[in-house]
Student: 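Can you read through this structure? Questions will come right after.
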Amino acid sequence: MNTRFYNAKILILADDHKFKITEGELWVKGNTICYIGDGTDTADVCKDGEVLVWDREIDACGNLLMPRIPWDNLIVHELESECMGTLFC
């Protein structure tokens, strides 16, 4: 299933390992985020004239999208041990 979210604010990881918010589109191809951008620079996603067909197109209405970040990829071991099993730290 291919899904295109547009008109969205998107939480992304910046180069300095902090988070920032960008505005634009987020594309999901199968189970993988394949594109985050303004919708104009898609050459890396659509190679050799490939055309993505969307199963769903969702207008985010300016709301914030936060891609799932697996805990095992974060360096939060000390905090994780203190917060394990709790909803809030």
Side-chain angles (χ1 to χ4, degrees):
M1 177 180 231
N2 296 330
T3 307
R4 173 185 172 238
F5 295 91
Y6 62 96
N7 190 21
K9 292 182 174 82
I10 306 160
L11 184 70
I12 60 173
L13 188 61
D15 292 333
D16 57 358
H17 299 287
K18 294 182 181 179
F19 290 100
K20 72 176 188 176
I21 295 175
T22 187
E23 294 187 26
E25 300 189 7
L26 183 143
W27 298 359
V28 180
K29 192 183 209 179
N31 290 328
T32 305
I33 295 171
C34 64
Y35 175 78
I36 296 174
D38 63 6
T40 60
D41 56 341
T42 61
D44 289 338
V45 178
C46 301
K47 296 179 181 174
D48 299 323
E50 176 189 15
V51 176
L52 284 176
V53 176
W54 303 115
D55 298 302
R56 294 185 70 190
E57 292 188 75
I58 299 171
D59 183 352
C61 299
N63 288 308
L64 180 66
L65 299 178
M66 299 184 339
R68 180 184 173 273
I69 301 171
W71 280 101
D72 57 350
N73 288 344
L74 295 177
I75 303 173
V76 292
H77 300 293
E78 291 127 21
L79 180 62
E80 185 178 30
S81 63
E82 291 176 27
C83 300
M84 190 61 76
T86 63
L87 184 58
F88 301 102
C89 299

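All residue numbers in this chain count up from 1 along the given sequence. Side chains are part of it too, since the values below use all heavy atoms of this structure and drop only hydrogens, waters and symmetry mates.
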Student: Should Ile21 and Ile10 count as side-chain neighbours, where that means a heavy-atom distance under 4.5 Å?
Tutor: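 SC-SC contact between Ile21 and Ile10 ruled out.
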Student: In the structure I gave you, are the side-chain heavy atoms of Met1 and Arg56 within less than 4.5 Å of one another anywhere?
Tutor: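 With C-beta onward as the side chain, the pair touches.
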Student: How about Ile36 and Glu25: do any of their side-chain heavy atoms sit closer than 4.5 Å?
Tutor: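 No, too far: nothing below the 4.5 Å cut-off.
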Student: Verify the distance criterion only: is there a donor paired with an acceptor across the side chains of Asn7 and Asp59 at less than 3.5 Å?
Tutor: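 There is such a pair between these side chains.
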Student: Do Leu52 and Trp27 have side chains that approach each other closer than 4.5 Å (heavy atoms only, starting at C-beta)?
Tutor: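 Heavy-atom side-chain distance check passes, below 4.5 Å.
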Student: Kindly say whether Gly62 contributes a backbone atom to a donor-acceptor pair with the side chain of Lys9 at under 3.5 angstrom?
Tutor: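 Indeed, once roles are kept as given, a pair shorter than 3.5 Å links the two residues.
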Student: Which of these, Leu26, Ile33, Ile58, sits in a side-chain contact (heavy atoms from CB on, under 4.5 Å) with Thr3?
Tutor: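 Among Leu26, Ile33, Ile58, the one that satisfies the side-chain contact (heavy atoms from CB on, under 4.5 Å) with Thr3 is Ile58.
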Student: Is there a side-chain contact between Val28 and Phe5 in this structure, where contact means two heavy atoms from C-beta onward sitting under 4.5 Å apart?
Tutor: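 Yes, their side chains come closer than 4.5 Å.
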Student: Mark yes or no for whether Asn2, through its side chain, and Val53, through its backbone, hold a donor-acceptor pair below 3.5 Å.
Tutor: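 A pair under 3.5 Å: yes.
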Student: Any heavy-atom pair between the side chains of Leu64 and Leu11 that's under 4.5 Å?
Tutor: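 They are in contact (side-chain heavy atoms under 4.5 Å apart), so the answer is yes.
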Student: Are Ile12 and Tyr35 co-members of a hydrophobic cluster defined by side-chain heavy atoms under 4.5 Å apart?
Tutor: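 Not linked; separate clusters.
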